[in-house]
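For reference, the structure is listed below as structure tokens.
Residue numbers start from 1 in every chain, and the chains themselves are labelled A, B, ... in the order their sequence lines are given, proteins ahead of strands.
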Amino acid sequence: MKRILSLLNRVFLFYYEGFRSMSQWGRRVWLIILIKLFIMFAILKIFFFTDFLDKKYDSDKEKSEYVREQLIN
Amino acid sequence: MIENVDLSVVDWSRAQFALTAIYHWLFVPLTLGLSFILAIMETIYVRTGNEEWKRITRFWMTLFGINFAIGVATGIILEFEFGTNWSNYSWFVGDIFGAPLAVEGILAFFLESTFVAVMFFGWNKVSKKFHLVSTWLVAIGANLSALWILVANGWMQNPVGMTFNPEAARNEMVSFWAVLFNQVAVDKFLHTISSGFLLASMFVLSISCWFLLKKREALLAKRSILVAGIFGLLSSLMVAYTGDESARTIAKVQPVKFGAMEALYEGKDNAGLIAIGLLKDSDNSIGKTKEKEFIFKIEIPGLLSVLTGGNRDAYVPGIRDHVLGNQEKEILSVMEKREKGIFARNVLTDYQRADLFKDKEQVANIKEVFRSKEFNDEYFRYFGYATINSPEEVIPNVPIAFYSFHLMVILGFSFIMLFALSIHLLFKGTIEKNRWFLWIAFFALPLPYVASELGWILVEMGRQPWIIQDLMTVTKGVSNITSGSVITTFILFAVLFTVLLVSEISIMVKQIKIGPKH
């Protein structure tokens, strides 16, 4: 257990020091990544990209029936 | 029915997917190739202990990092679009798409993202060898990510290894290996990663030549040209070889696309390969679609027959053969395939009816029919043709297929010459004096991007009207949504991706101008 905690601590410090000593371009790129991910997942996915079948039907059976209908007609 | 679908939704959904895919593909190939170039450079550093190689590796790693970070997750938007705009398609493909993408997420992406941190943060913190292994694992992980996406795309071009379950209304994988080793997927993977290697090599070559033009960083530039020139030459030869293999496979599994690539309407023996050509509308038509003819062409006699059939006497079917049929060559017409597709659709209708009336025996019987090899080979493989109303609907846009293919090939051969010349001048010791070469190599930077995008345009536009070859048309795959919502997100994406691209270019240009750390 102690060895695992020590390993986790080392991994944490590795990332922590890596981020702390990051260059200017690195910080700018991370800012872009965070803004991009926020736009994609908190805005686009929630407000513009709801799953069409999930929104319309609750069960897989209903979804299957709908798609089968679409395939036949 | 096609008449019930708002065609503007289809067009806008296609345009949106194309926009997203094209932008996404501006980021991906550099990651695929530059990761291996970094691994090669770092290997030289570890083996020689020469600190200059470490400096070189770290400089290119900076540019890799910018591209990797800005491009990361842009592909997820394509998955958003599947669920929203292409719901029928997404449901119909079932786990065929889900399985490869899940493997990608768990295995390749995890591998790649974990070791990227070691690559960037691990200099002087982990041993040289562990760092090197991490760099190689990032390269392998990035390329494995591409494998799974391309396996999924390969299935859309050549659906294999599945059966259709009428109860779930979706395809179910019966052979993972058939999906993984689908000939289209194998060709596509090898061709795509090698084109990524080529593109990254050109990236390194072009920027190195810019340093030489500016009389800066001569040692870094020459050593980078050494790696990029050799890696680029090998990659461009591999691109040519795998491209040839891909074309042969297309001739077998997507023959109408192949006919469009060569603008070959009439099948013939001793068919020539068009090296360069210009098209115009001809007086002939197939249905309501005007055929194209050449205003001008340079043709290599017999070569198309040799490449596709192994000898000059081999018959190469044209678009007309595949659309109108050719009894002598045992090629079914579109209308014959339509009959088979309608038969398969009727069986599905029977299932629907049996399910409605809770006729369990009939339901079980029809399920068995869908599992039978004979039904799949004879009828279900033409399922999508049931929605085709006139034969010419299966002809893609011939000029787009023809020009994108030929321009890509011309560029591909010019890259071979450019890389060979770079190595020749480097070993001769005259590369700095030949400023004309440095300028050409510098301005060649966007060309592999153009070639790479043309490749995708050919793949996706040449497949039309199919979203899944012979099984589902794009019109059938689209969701019943309004075009207004698609237009809104189209504009949002155009803005978002343009901002990302401009950011990437500006940060990269700044870092290139700063140059490597001393």
For L500(B), which atoms come within 4.5 Å of any heavy atom of chain A: side chain, backbone, both, or neither?
side chain
Measure distances from L348(B) to the heavy atoms of chain A and classify the residue's part below 4.5 Å as side chain, backbone, both or neither.
both
Examine whether an atom of N165(B) lies under 4.5 Å from a heavy atom of chain A, and if so say whether it belongs to the side chain, the backbone or both; otherwise answer neither.
neither
For the OG atom of S479(B) and the CG atom of L53(A), what is their distance to the nearest 0.5 Å?
7.0 Å
Given a strict heavy-atom distance threshold of 4.5 Å, which part of T488(B) is in contact with chain A: side chain, backbone, both, or neither?
side chain
Checking I66(B) against chain A: side chain, backbone, both or neither under 4.5 Å from a heavy atom?
both
Quick check on Y66(A) against chain B: is it the side chain, the backbone, both or neither that has a heavy atom closer than 4.5 Å?
side chain
Can you say whether F497(B) sits under 4.5 Å from chain A via the side chain, the backbone, both, or neither, judging by heavy atoms?
neither
Going by residue number, which parts of residues 55-64 of chain A are within reach of chain B, meaning a heavy-atom gap below 4.5 Å?
D60(A), K63(A), S64(A)
Report the distance from atom CD of E167(B) to atom CD of E65(A), rounding to the nearest 0.5 Å.
9.5 Å
Between F52(A) and N480(B), is any pair of side-chain heavy atoms under 4.5 Å apart?
yes
Contact class of F493(B) relative to chain A, heavy atoms under 4.5 angstrom:
side chain
By a 4.5 Å heavy-atom criterion (distance strictly below it), what part of T349(B) contacts chain A: side chain, backbone, both, or neither?
both
What part of E81(B) gets within 4.5 angstrom of chain A, counting heavy atoms only: side chain, backbone, both, or neither?
both
Show the atom names and distances, to 0.1 Å, of all donor-acceptor pairs under 3.5 Å that link a side chain in residues 23-48 of chain A to residues at least two apart or in another chain.
unit_1: S23(A); atom_1: OG; unit_2: W25(A); atom_2: NE1; d: 2.9
unit_1: S23(A); atom_1: OG; unit_2: G26(A); atom_2: N; d: 3.4
unit_1: R27(A); atom_1: NE; unit_2: M22(A); atom_2: O; d: 3.3
unit_1: R27(A); atom_1: NH2; unit_2: R20(A); atom_2: O; d: 2.9
unit_1: R27(A); atom_1: NH2; unit_2: M22(A); atom_2: O; d: 3.4
unit_1: K36(A); atom_1: NZ; unit_2: A69(B); atom_2: O; d: 3.3
unit_1: K36(A); atom_1: NZ; unit_2: I70(B); atom_2: O; d: 2.6
unit_1: K36(A); atom_1: NZ; unit_2: V72(B); atom_2: O; d: 2.5
unit_1: K45(A); atom_1: NZ; unit_2: F49(A); atom_2: O; d: 3.1

How long is the straight-line distance from CZ of R345(B) back to CG of N73(A), given to the nearest 0.5 Å?
8.0 Å
How close do I72(A) and Q352(B) get, counting heavy atoms only, and between which atoms?
CD1-CB, 3.8 Å
What verdict does the side chain to side chain contact (heavy atoms under 4.5 Å, CB included) test give for Q70(A) and F92(B), after you've listed the backbone C-alpha separation in whole Å, the side-chain angles of each residue and the deciding distance to 0.1 Å?
CA-CA 11 Å; Q70(A) 296 289 307; F92(B) 184 73; over 6 Å; no
Looking only at heavy atoms and a cut-off of under 4.5 Å, which of A386(B), A168(B), G384(B) has the most pairs with chain A?
A168(B)
